[in-house]
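Here the structure is a predicted model, which means the values were calculated and not measured. When reading the values below, keep in mind they use all heavy atoms of this one structure, side chains included, and skip hydrogens, waters and symmetry mates.
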Amino acid sequence: MEDMSLPSLFDQARKIHLQSSDDSTVDKETLRKGCEALQHCEEMISKLGLFSTNETKQDITTTNLKYILVPFYLAELIEKTGGHDDRIDILKLSLAKLKEFISFCDAMELVPEDELEASAQGGQNAVVDRRAKKIARFKRQRAAESKLLELNERKERRGRSTRAAALSSPADTGDDDVEDDDGEEEREAWLTTISLAICKALDLMEMLKKEEEMLSAIKEKQKQEGNVEISQAILDERAKTVEDWHRNAAARARYTKPAVPITCATFAQDVLEGRAKVSQAHDHKHQPLMFGPASLVGGSITSERERIAAQVFQPSHRMPTMSIEEAGLKEMEMMNTWQEQTAKMIEEANSSWHTEKWKPRAGGGDDDEDEDDEAAQDKARAFDDWKDENPRGAGNSKLTPCG
């Protein structure tokens, strides 16, 4: 590798990186050769002084843009070469290379603004902004992949058309214009590749940090417990205990009395959603559905704060206050009451005074009847005299226009 040029070393390392990305079964020796080639690339880049902190991406030539990806490729290959014993050291080395790649891209003004703002905020609103940041990064990654695919297809079409034109007319076919277009497309392709690598590097950094934290916690716990490891005998004993439990449960299930079938749709829905148990008695009483937290809805609400929290996710429309079964029972009760009242009214109508035949009273009641008839006649005469003195409509004469 010491006799190879920088472009040859980079191409060799890039092929190994692509091979490891497409195939996860690449042997450790090939990955080690890729890491060595990339380390030689870093040494040659440093000796040649290809990049400067005073430059930006506009100052870097197209042929040197691809060497920005060397730390990223090296970080991914290092992460895949580590074993289980020295995993934490491998993660730290890979994270260091990723941070070096991100910081250099930041100096070259290649990192998006929203990523810089998210890293500047640090832990503030991390839970709130994490999902939005991941979605934006995923969209940028998809856009970069689509753009690379489009550039490759455009390059292939131009190459085919150039070869066809060269075969048809051996004269000059505008090679300068083609070279200019190829140079612009090559620069755009490398910038897009760097943007895609930045998205992958940020995701990989988050994943490696979480893995490092988990491994460090496990290692610390093992130190506290005196490096006690679970032996195979303990695992076999636990497996046997679980098998015995399942075997006994299956034996008991054959003699278990089946539960009473549920005939109420509302109660069945309550059982499915965890608001009731199968063993509970049910008398077709329906409560309005609650959509709040299960800890508040299922328990007893003791304060106004808990009542408001339990009603956070209530629907905008009014919920039913009774089930279909309860409404049917209520309607049947109303119909029975109405039928009883109707039968009573019919019975009273059939036994009214105008349908009853006159029956003479027992004993000597002729004098009483004569007195009643005279009183009725006197009352009728007095009413006739009053009507003569007060003709119909006499009290409204002042209210009529012609009165």
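Proximity of Leu31 to Ser20: side-chain heavy atoms (C-beta onward) are separated by under 4.5 Å at one or more points. Between Leu191 and Glu188, every side-chain heavy-atom pair lies at or beyond the 4.5 Å cut-off. Side-chain atoms of Thr193 and Lys66, non-hydrogen and from C-beta on, never get closer than 4.5 Å to each other. By the 4.5 Å heavy-atom criterion applied to side chains, Glu211 and Arg87 are counted as neighbours. Contact of the Lys92 side chain with the Ile88 side chain is registered, since non-hydrogen atoms from C-beta on lie closer than 4.5 Å. Side-chain contact between Leu110 and Ile68 is present, with heavy atoms from C-beta onward closer than 4.5 Å. Side-chain contact between Leu9 and Leu38: absent, with no pair of heavy atoms (C-beta onward) separated by less than 4.5 Å. Looking only at side-chain heavy atoms (C-beta outward), Lys344 and Glu348 come within less than 4.5 Å of each other.
Remark: Glu100 pairs with Lys97 by the salt bridge (charged side-chain N to carboxylate O under 4.0 Å, His left out) rule, at least two apart or across chains. Residues forming a side chain to side chain contact (heavy atoms under 4.5 Å, CB included) with Lys15 (at least two apart in sequence, or on another chain): none. The side chain to side chain donor-acceptor pair (under 3.5 Å) search around Ser103 returns none, not counting sequence neighbours.
Of all non-hydrogen atoms in Phe51 and Asn64, the two that sit nearest each other are CZ-O, 3.2 Å. The shortest non-hydrogen separation linking Leu65 to Trp190 is CB-CB, 4.1 Å. Smallest separation of non-hydrogen atoms from Phe101 and Ile194: CZ-O, 4.4 Å. When all heavy atoms of Leu148 and Ala189 are compared, the closest pair comes out as CD2-O, 3.5 Å. Pro112 and Arg140 make their closest contact through CG-NE, 3.6 Å (heavy atoms, listed as atom of the first residue, atom of the second, distance). Closest non-hydrogen pair, Ala75 versus Ser94, comes out as O-OG, 2.9 Å.
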Start with the C-alpha gap between Thr61 and Leu50, add the side-chain angles, then the distance that decides, and say whether side-chain contact (heavy atoms from CB on, under 4.5 Å) holds. CA-CA 9 Å; Thr61 60; Leu50 296 181; over 6 Å; no
Would you please test Ser8 and Asp11 for side chain to side chain donor-acceptor pair (under 3.5 Å) and show each step? CA-CA 5 Å; Ser8 301; Asp11 292 339; 5.8 Å; no
Salt bridge (charged side-chain N to carboxylate O under 4.0 Å, His left out) evaluation trace for Asp384 with Arg381: CA-CA 5 Å; Asp384 291 338; Arg381 289 192 188 96; over 6 Å; no
With salt bridge (charged side-chain N to carboxylate O under 4.0 Å, His left out) as the test, would you mind laying out the steps for Lys134 and Glu206 before giving the verdict? CA-CA 11 Å; Lys134 285 182 177 291; Glu206 293 180 0; 3.2 Å; yes
Check the pair Met4 / Gln12 against side-chain contact (heavy atoms from CB on, under 4.5 Å), numbers first and verdict last. CA-CA 10 Å; Met4 296 176 64; Gln12 181 182 357; 3.2 Å; yes
List the steps and the verdict of side-chain contact (heavy atoms from CB on, under 4.5 Å) for Gln141 and Asp203. CA-CA 11 Å; Gln141 184 174 346; Asp203 290 335; 3.9 Å; yes
Residue pair Phe72, Ile198: steps toward the side-chain contact (heavy atoms from CB on, under 4.5 Å) verdict: CA-CA 8 Å; Phe72 171 69; Ile198 291 172; over 6 Å; no
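Judged by distance alone, the side chain of Asp385 and the main-chain N or O of Ala382 form no donor-acceptor pair under 3.5 Å. Judged purely by atom type and a 3.5 angstrom limit, Ser52 has no side-chain atom pairing as donor or acceptor with the backbone of Glu55. Within the 3.5 Å criterion, the main-chain N or O of Met332 finds a donor-acceptor partner in the side chain of Asn336.
In this structure, the separation between CE on Met207 and CG on Leu91 is 9.0 Å, given to the nearest 0.5 Å. For the atom pair Leu215 CG and Leu208 CG, the distance stands at 10.5 Å (nearest 0.5 Å). Atom NE2 of His17 and atom SG of Cys35 lie 10.5 Å apart (nearest 0.5 Å). With rounding to the nearest 0.5 angstrom, the CE atom of Met108 is 8.0 Å from the CG atom of Asp59. Taken to the nearest 0.5 Å, the CZ atom of Arg158 stands 9.5 Å off from the CG atom of Leu151. Once rounded to the nearest 0.5 Å, the distance linking NZ of Lys330 with CE of Met322 reads 6.0 Å.
No hydrogens or angles considered: nothing links the side chains of Thr192 and Ser195 as a donor-acceptor pair under 3.5 Å.
Here the rule is side chain to side chain donor-acceptor pair (under 3.5 Å) with Glu36, and of Arg32, Lys33, His40 only Arg32 fits it. For the side chain to side chain contact (heavy atoms under 4.5 Å, CB included) with Thr337, the qualifying choice from Met334, Met335, Gln339, Gln341 is Gln341, the only one to do so.
Taking the charged nitrogens against the carboxylate oxygens, Arg154 and Glu185 do have a contact shorter than 4.0 Å, which makes a salt bridge.
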